[in-house]
Amino acid sequence: MEKFSVYSGTKAYISHLTRRIRVELGRGNVRVSAIEPGMVDTELPGHVTDPDASALG
C-alpha cells in the first residue's frame with residue numbers, strides 16, 4: 001500500500017527474523033513464535049500527519 005513502506009518493511013523484517021531464529025534455535029528445543037495481527041483498532045491513526053495516508057485509514 002502506498003505511504004506504508006517503512007511500516008510494511010519493519011513488519012516483514014520481524015516475520016523473517018522470527019523464522020530464521022526458529023530455524024537456528026529449534027534444534028535446541030527452543031520455541032520461537034510471533035503474533036502477527038491483522039487490522040486492529042489502536043491510537044496509531046491519530047499520530048499520522050500525512051493527509052494522504054490518513055485518508056487511507
Visitor: Hey, what do you get for CD1 (Ile14) to CD1 (Ile35), rounding to the nearest 0.5 Å?
Guide: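 Nearest 0.5 Å value for the CD1-CD1 distance: 13.0 Å.
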Visitor: When clusters are formed by joining ILVMFWY residues with side-chain heavy atoms under 4.5 Å apart, either directly or through shared neighbours, do Val23 and Val32 land in the same one?
Guide: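 Each belongs to a different hydrophobic cluster.
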Visitor: What is the minimum heavy-atom distance between Arg22 and Ser33, and which atoms define it?
Guide: NH2-CA, 3.9 Å
Visitor: Tell me, please, which residues at least two apart from His16 pass side chain to side chain donor-acceptor pair (under 3.5 Å).
Guide: Arg19
Visitor: Would you name the heavy atoms of Thr18 and Ala34 that are closest together and state the gap between them?
Guide: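 Scanning both residues, the minimum pair turns out to be OG1-CB, 3.6 Å.
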